[in-house]
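Below: one structure, written as structure tokens.
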Amino acid sequence: MEKTGQGLQPGPQHGREWLNEFAQAPATLLFDDFVRVYFSCRPKADAKGQYVSYSAFLDLDRRDLFKVVNISADPILPLGPLGAFDEFGIYPVSVARDGADVRAYYAGWTRCESVPFNVAIGSAISHDNGETFTKLGLGPVIGYSPDEPFVMSGPKIRRFNDRWYLWYIAGRKWKVVDGRAEPVYKIRMATSDDGVTWHKENRDLVESRIEEDEAQASPDVFFANGKYHMFFCYRYSAGYRGKTFGYRIGYASSTDLLHWTRDDDKAGIDIADEGWDSEMISYPHVFEVDGQVHMAYLGNQVGREGFGLAVLDGKLE
């Protein structure tokens, strides 16, 4: 991957209080003249220093992906009501067309007492080309289970051979590091015929490489040249907010979507020597526009300064 530049930078210049900080977890939807990029962002923290997270979109000129032609006036979904799984955040979101509709899958956040948060996966549908969405209900479509007890997040939706595939992460454990609870999560997959009722595979898909408690996130799968290609991100379980142990982007391939061979050297992208993505890169999303494969990704502090774009130099093999 060859980096092409930095995309949306959050801040008050956009005139939207909910787009004050962060532009996280980009996910695309292709139109004739533009590429719609869904992302998650935050207003200013409250008096206690706590954030909420919203998801919205911006439209990029299809011929120039650094030209913003529109930013949504409002977030695509409201936060959930009191006690709901998505009361405090909707992040990240992934979308796919379903006939004339657009389906969205998102991680809903709630605050906890013993650990900072918990997360489950919700779903919504749009009947107006992805402008606005309606939740399927107050609860998640993929929640906790005996084998997946917490932090169900990072949904990435794809459709292959008339079947829905949802890649996500599931919490393995919480570790207390320097008095702070840190989550460890692994990549998993579920399948569905209708996009509502899901069958979980109930097993980790990608082996750990840097340590047993490696945390993996944002598994995005792309089909090319007779093979499935997964780009994801991973980090150490401790000290990952800095440069040395922070997020990096990994790669795995498969011929059957169930068995994956990891080879991070083929990810083709790493941190920069300086600047907004010099400490970490994470949350990759791969998409194709007019025969060219692009990657959107996050930089330092998991998208505090926005997301960047890269283009495939060569082809996926």
Side-chain angles (χ1 to χ4, degrees), residues 1 24-28 38-40 91-96 103-107 119-123 141-142 147-148 150-160 163-172 183-192 195 198-210 213-224 227-235 237 240 247-269 280-288 293-298 302-303 307 310 316:
M1 290 289 180
Q24 298 176 295
T28 58
Y38 295 87
F39 63 96
S40 299
Y91 156 65
V93 64
S94 180
V95 299
R103 289 188 177 273
Y105 297 84
Y106 67 93
V119 199
I121 296 172
S123 183
V141 292
I142 295 185
D147 185 53
E148 299 175 341
F150 43 73
V151 188
M152 308 292 291
S153 187
K156 290 292 186 71
I157 187 69
R158 295 285 190 183
R159 195 170 188 177
F160 297 117
R163 188 165 179 82
W164 293 101
Y165 290 83
L166 187 68
W167 282 271
Y168 61 96
I169 59 173
R172 173 70 62 79
V184 174
Y185 28 72
K186 304 295 185 182
I187 292 171
R188 299 225 162 174
M189 183 183 77
T191 59
S192 174
W198 292 90
H199 169 75
K200 296 180 179 180
E201 289 298 323
N202 288 320
R203 63 184 179 91
D204 301 341
L205 296 185
V206 177
E207 63 181 357
S208 296
R209 184 177 64 83
I210 54 175
D213 287 340
E214 170 186 281
Q216 306 163 345
S218 192
D220 200 29
V221 176
F222 189 84
F223 182 79
K227 186 185 295 185
Y228 298 97
H229 306 266
M230 178 192 291
F231 292 87
F232 59 96
C233 59
Y234 62 96
R235 60 165 173 78
S237 58
Y240 60 87
Y247 275 113
R248 300 293 187 270
I249 291 176
Y251 168 86
S253 62
S254 173
T255 57
D256 63 4
L257 295 171
L258 295 174
H259 303 90
W260 294 86
T261 301
R262 181 171 180 174
D263 187 353
D264 293 344
D265 290 339
K266 291 185 177 180
I269 189 169
M280 66 174 67
I281 50 175
S282 63
Y283 282 75
H285 169 63
V286 180
F287 60 102
E288 185 175 1
V293 177
H294 301 263
M295 175 188 288
Y297 67 96
L298 304 183
V302 200
F307 63 85
L316 294 170

Exercise for the section: Show your reasoning for whether side chain to side chain contact (heavy atoms under 4.5 Å, CB included) applies to F160 and V221. Expected result: CA-CA 10 Å; F160 297 117; V221 176; 4.1 Å; yes
Exercise for the section: For M280 and L298, run side chain to side chain contact (heavy atoms under 4.5 Å, CB included): C-alpha distance rounded to whole Å, both residues' side-chain angles, the deciding distance at 0.1 Å, then the answer. Expected result: CA-CA 8 Å; M280 66 174 67; L298 304 183; over 6 Å; no
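By the 30° and 60° cut-offs, the orientation of the rings of F307 relative to F39 is tilted. Aromatic ring pairs are classed by plane angle as parallel below 30°, tilted from 30° to 60° and perpendicular above 60°; the pair W260 and W167 is perpendicular. Classified by interplanar angle (parallel below 30°, tilted 30° to 60°, perpendicular above 60°), the ring pair H229/Y251 is tilted. Ring planes of F223 and Y228: tilted class, angle from 30 to 60°.
Using a 4.5 Å heavy-atom threshold, the side chains of S218 and I169 count as separate. Between R158 and D220, some side-chain heavy-atom pair lies under the 4.5 Å cut-off. The shortest distance between side-chain heavy atoms of T28 and H294 does not fall below 4.5 Å. In this structure, the side chains of N202 and E148 come closer than 4.5 Å at one or more pairs of heavy atoms. In this structure the side chain of I142 never reaches within 4.5 angstrom of the side chain of R188, judged on heavy atoms. Proximity of Q24 to P92: side-chain heavy atoms (C-beta onward) are nowhere separated by under 4.5 Å. Y168 is listed as a side-chain neighbour of K200, based on a closest heavy-atom distance under 4.5 Å.
Interatomic distance, CD of E201 versus OG1 of T191, reported as 6.0 Å (0.5 Å rounding). In this structure, CG in L257 is found 11.0 Å from CZ in R163, a value given to the nearest 0.5 Å. Taken from CD1 in I249 to CD1 in I281, the straight-line distance is 4.0 Å, to the nearest 0.5 Å. Considering CE of M230 and OG1 of T261, their distance stands at 11.0 Å, rounded to 0.5 Å. To the nearest 0.5 angstrom, H285 atom NE2 is 9.5 Å from F222 atom CZ. Rounded to the nearest 0.5 angstrom, S254 OG and M189 CE are separated by 8.5 Å.
Cation-pi contact between R262 and Y234: present, with separation from the ring centre below 6.0 Å and deviation from the ring axis of at most 45°.
When every heavy atom of Q216 is checked against every heavy atom of V206, the shortest pair comes out as NE2-O, 3.1 Å. Closest heavy-atom contact between P155 and Y105: CG-O, 3.7 Å. Nearest heavy-atom pair across P219 and G154 is CD-O, 4.0 Å. The nearest pair of heavy atoms linking A107 to V119 is CB-CG1, 3.5 Å. Nearest approach of P284 to K156, heavy atoms of both residues: O-NZ, 2.9 Å. Shortest non-hydrogen contact noted between M1 and A267 is CG-O, 3.9 Å.
Between R209 and D264 there is a salt bridge, with a side-chain nitrogen of the basic residue lying less than 4.0 Å from a carboxylate oxygen of the acidic one.
Donor-acceptor pairing under 3.5 Å is recorded for the side chains of Y247 and R235.
Using modelled atom types, one side-chain atom of K186 and one backbone atom of E214 make a donor-acceptor pair closer than 3.5 Å. Between the side chain of S123 and the backbone N or O of A104, at least one donor-acceptor pair lies under 3.5 Å.
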